[in-house]
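This report concerns only the one structure given below.
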Amino acid sequence: MSQKYTVPRGTKDILPSEIPFWHYIESSSRSLFGLYNYQEIRTPIFEHTELFERGIGDATDIVEKEMYTFTDKGNRRLTLRPEGTAPLVRAYVQNSIYAKSKVAKLYYCGPMFRYERPQSGRYRQFHQIGVECLGNALPIADAEVIAMGVHLFDELGLSGLSVTINSVGCAVCRPVIEERLKQFIGMNLENLCEDCNRRFDSRPLRILDCKNVTCKTYMTGLPDIRNSLCHECTDHFNYVVGYIDNLGIRFQINPQLVRGLDYYTRTTFEIVSDQLGAQNALCGGGRYDGLVSQLGGPATPAVGFAFGIERAVMILQELSDYHQKVNPLIYMAPVGFDQVAKCFLLVDRIRRAGYRVELEAGKTDLKSHLKQADKLDARLVLIYGETEAEQGNILVRRMTDRTQESVDFDAVLEFLLAEFGPGHG
RNA sequence: GUGGACGUAGCUCAGGGGUAGAGCACCAGAUUGUGGCUCUGGUGGUCGUGGGUUCAAUUCCCAUCGUUCACCCCA
């Protein structure tokens, strides 16, 4: 079908049938983050381009080729946010949130934009929910953030997930690690793939992550990176691992786990799903002790994660046992045009009492009313025709068992109360 | 940015050089105020777009746009 107007490539409409999943994820996240004493923060959807260049790192794929950048009429260079951490830190610094208390625990939720080739689970506009704990350098903070993620996905009922964790070192030991890695690779550099050669100077750690088969063979025999971490980083990592192990969280240590954003220090982790196809990362995060100061704030340690709502929805949709609880539908059937006004009045009264009602005034015969009510999956049909008008009644029909009874026009609310309990809303 | 697959009714798809079909969905009937089943009938497509080959293209060729999967990378 060729249509004149379609959504831009990599974007999609979230249709009513999918919306319950979104509400479920969003409201579960909000209430669970509340239990950990987190507060929501909302930042603009676009920022000065420089924020991302500085914050994410200008050698990253995101900054090099994935940003939606434009110039506004005042000649400002702006970018649709590709991720949530840098803007949140910007807001943290700009509003001096650090001055109010030592620790700030914040979460955000909203659309992100990355110019990539779309594929399963990957969009150009996608949505993330993320949490950031700022001002706490202790390993317990890392552990709590990871535990919160695991808790949330448990709560949502997502299965088939696994946690992977690693440490990428700090400002002190990372250069040492990179140097060692370069030495190890150096002699074989020409045998590695193009990408790895490019990474060699800018971001050598990423070579560890390469999926290229020949590159992998040259990586065998590489000493475990964690042996090169400094004492502080090693201790930190061991504590984090100990804490989450103690909680009974199952995880794997993966020394190859290197994330694509430059700001990470020490802990990095991912939660992946076996139900997502190639783009299997549901959630990713880690510690970023250098970012706040890099963006002009006081030296502040921080740790956080973000997960993709679309991907969470994909997993939920695979699960057959997900059912939403809904207010049962009541269908108001005026039989004959003359009854419409009176029905409108009744429907108003019922809705104000908190029940969900569909008034169908476009049909005038009972047969098509009932067909329509059936299609809408109504639980109850209120029939009001000439007979009822004369007698001052409503005929109430239960669609499930085809029973029906006459109720006084003014006693409908009492009937509904007995039938469904109090309405809500 | 690279590679593969695919674009035919609202949806899932079949077909095939001579101006298109099925199932589902939708609408209307099967007597007068009673739904989900069944039966009957009906609406609905310039076969993604542009160009080329041909007497003729939706069917062949090219391009383009889009969808999709994978790589890269990530949520």
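This structure is a prediction, so every number in the text was calculated from the model and none was measured. Numbered from 1 within each chain, the chains take letters A, B, ... in sequence-line order.
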Exercise. Using a strict cut-off of less than 4.0 Å between a Lys/Arg side-chain nitrogen and an Asp/Glu carboxylate oxygen, indicate whether A:Arg77 and A:Glu47 qualify as a salt bridge.
Key: no

Self-check item: Side-chain donor-acceptor contact under 3.5 Å, A:Ser167 with A:Thr267
Solution: no

Exercise. Rounded off to whole Å, could you give me the OH-to-P distance for the A:Tyr123 and B:C69 pair?
Key: 8 Å

Exercise. Let me know the distance between CZ of A:Phe305 and P of B:A75, rounded to the nearest Å.
Key: 13 Å

Self-check item: B:G15 to B:U8 separation - C1' atoms, rounded to the nearest Å
Solution: 9 Å

Quiz prompt | Same-atom distance (C1') from B:G51 to B:U67, integer angstrom | solution = 23 Å

Quiz prompt | Paired nucleotide for B:A28 [Watson-Crick or G-U wobble; both distances under 3.5 Å] | solution = B:U40

With 3.5 Å as the limit, what N/O pairs link the protein to nucleotides 23-28 of chain B?
unit_1: B:C27; atom_1: OP1; unit_2: A:Lys375; atom_2: NZ; d: 3.2
unit_1: B:C27; atom_1: OP2; unit_2: A:Lys375; atom_2: NZ; d: 3.4

Quiz item: Which nucleotide, in any strand shown, forms a Watson-Crick or G-U wobble pair with B:C60, with both distances under 3.5 Å?
Solution: B:G52

Exercise. Check whether any side-chain nitrogen or oxygen of A:Thr6 sits under 4.0 Å from OP1 or OP2 of B:G66, and answer yes or no.
Key: no

Quiz item: Under 4.0 Å between a side-chain N/O of A:Arg9 and OP1 or OP2 of B:U67, yes or no?
Solution: yes

Exercise. Write down the distance between OH (A:Tyr331) and C1' (B:G35), rounded to a whole number of angstrom.
Key: 10 Å

Quiz item: Expressed in angstrom and rounded to an integer, what is the separation of A:Trp22 atom CH2 from B:A75 atom C1'?
Solution: 11 Å

Quiz item: Heavy-atom distance under 4.5 Å between the side chains of A:Leu316 and A:Leu158, does that happen here?
Solution: yes

Practice problem: Please state how far atom CD in A:Glu116 lies from atom C1' in B:G3, giving the value in whole angstrom units. | Solution: 17 Å

Quiz prompt | Phosphate OP1/OP2 of B:U34: any A:Lys367 side-chain N/O under 4.0 Å | solution = no

Quiz item: NZ of A:Lys12 versus P of B:G66: gap in Å, rounded?
Solution: 19 Å

Practice problem: Determine the sole option in A:Leu380, A:Val381, A:Ile383, A:Ile394 for which the side chain to side chain contact (heavy atoms under 4.5 Å, CB included) test with A:Met332 is passed. | Solution: A:Ile394

Exercise. With a 3.5 angstrom cut-off on both distances, give the Watson-Crick or G-U wobble partner of B:A5, or none if there isn't one.
Key: B:U67

Self-check item: Cation over ring face, A:Arg124 and A:Tyr115, 6.0 Å, 45°
Solution: yes

Quiz item: What interatomic distance, in whole Å, is found between C1' of B:A63 and the corresponding atom of B:U53?
Solution: 15 Å

Quiz item: Does the side-chain ring of A:Phe126 sit on the six-membered ring of the B:A75 base, less than 5.5 Å centre to centre and under 30° in tilt?
Solution: yes

Quiz item: Does any donor atom in the side chain of A:Glu18 or A:Trp22 lie under 3.5 Å from an acceptor atom in the other side chain?
Solution: yes

Quiz item: Is there a side-chain polar atom (N or O) of A:Gln119 under 4.0 Å from OP1 or OP2 of B:U68?
Solution: no

Exercise. Name the residue closer to the 5' end of RNA chain B, choosing between A:Glu388 and A:Leu261 according to the nucleotide with the nearest heavy atom.
Key: A:Glu388

Quiz item: Between A:His369 and A:Lys363, which heavy-atom pair has the shortest distance, and what is it?
Solution: NE2-O, 3.0 Å

Exercise. Hunt down the Watson-Crick or G-U wobble partner of B:A14, both distances under 3.5 Å, from any strand shown, or write none.
Key: none

Quiz prompt | Euclidean distance for P, B:G52 against B:G66 (whole angstrom) | solution = 23 Å

Quiz item: Just checking, any donor-acceptor pair under 3.5 angstrom between side chains of A:Asn166 and A:Thr268?
Solution: no

Quiz item: Got a second to check how far A:Leu413's CG is from A:Leu346's CG, nearest 0.5 Å?
Solution: 7.5 Å

Quiz item: B:A75 pairs with which nucleotide, Watson-Crick or G-U wobble, both distances below 3.5 Å?
Solution: none

Exercise. Check the side chains of A:Arg398 and A:Thr403 for a donor-acceptor pair under 3.5 angstrom, ignoring hydrogens and angles.
Key: yes

Practice problem: Report which part of the nucleic acid A:Glu66 touches: base, sugar-phosphate, or nothing (heavy-atom distance under 4.0 Å, all strands). | Solution: sugar-phosphate

Quiz item: Taking the C1' atom of each, how far is B:C13 from B:A70, in whole Å?
Solution: 25 Å

Self-check item: Polar side chain donor-acceptor pair, A:Glu132 to A:Tyr288, under 3.5 angstrom
Solution: yes

Quiz item: So, do A:Phe113 and A:Phe126 have ring centers that fall under 6.0 Å from each other?
Solution: no

Practice problem: Using the P atoms only, state how far B:G45 lies from B:U49, rounded to an integer number of Å. | Solution: 14 Å

Quiz prompt | No-H, no-angle donor-acceptor pair, A:Arg402 side chain to B:U34 base, under 3.5 Å | solution = no

Quiz item: Counting just side-chain N and O atoms, does A:Arg259 come under 4.0 Å of either OP1 or OP2 of B:A75?
Solution: yes

Exercise. Write down the distance separating the C1' atoms in B:A56 and B:G18, rounded off to the nearest Å.
Key: 6 Å

Quiz item: Taking the same atom, C1', in B:G1 and in B:G10, what whole-Å distance lies between them?
Solution: 36 Å

Practice problem: Could you tell me the separation between the CZ atom of A:Arg117 and the C1' atom of B:G3, rounded to a whole number of Å? | Solution: 8 Å

Write out a two-atom table: protein N or O, nucleotide N or O from nucleotides 41-44 of chain B, distance below 3.5 Å.
none

Quiz item: Between atom CZ in A:Arg397 and atom C1' in B:G35, what is the gap in whole Å?
Solution: 7 Å

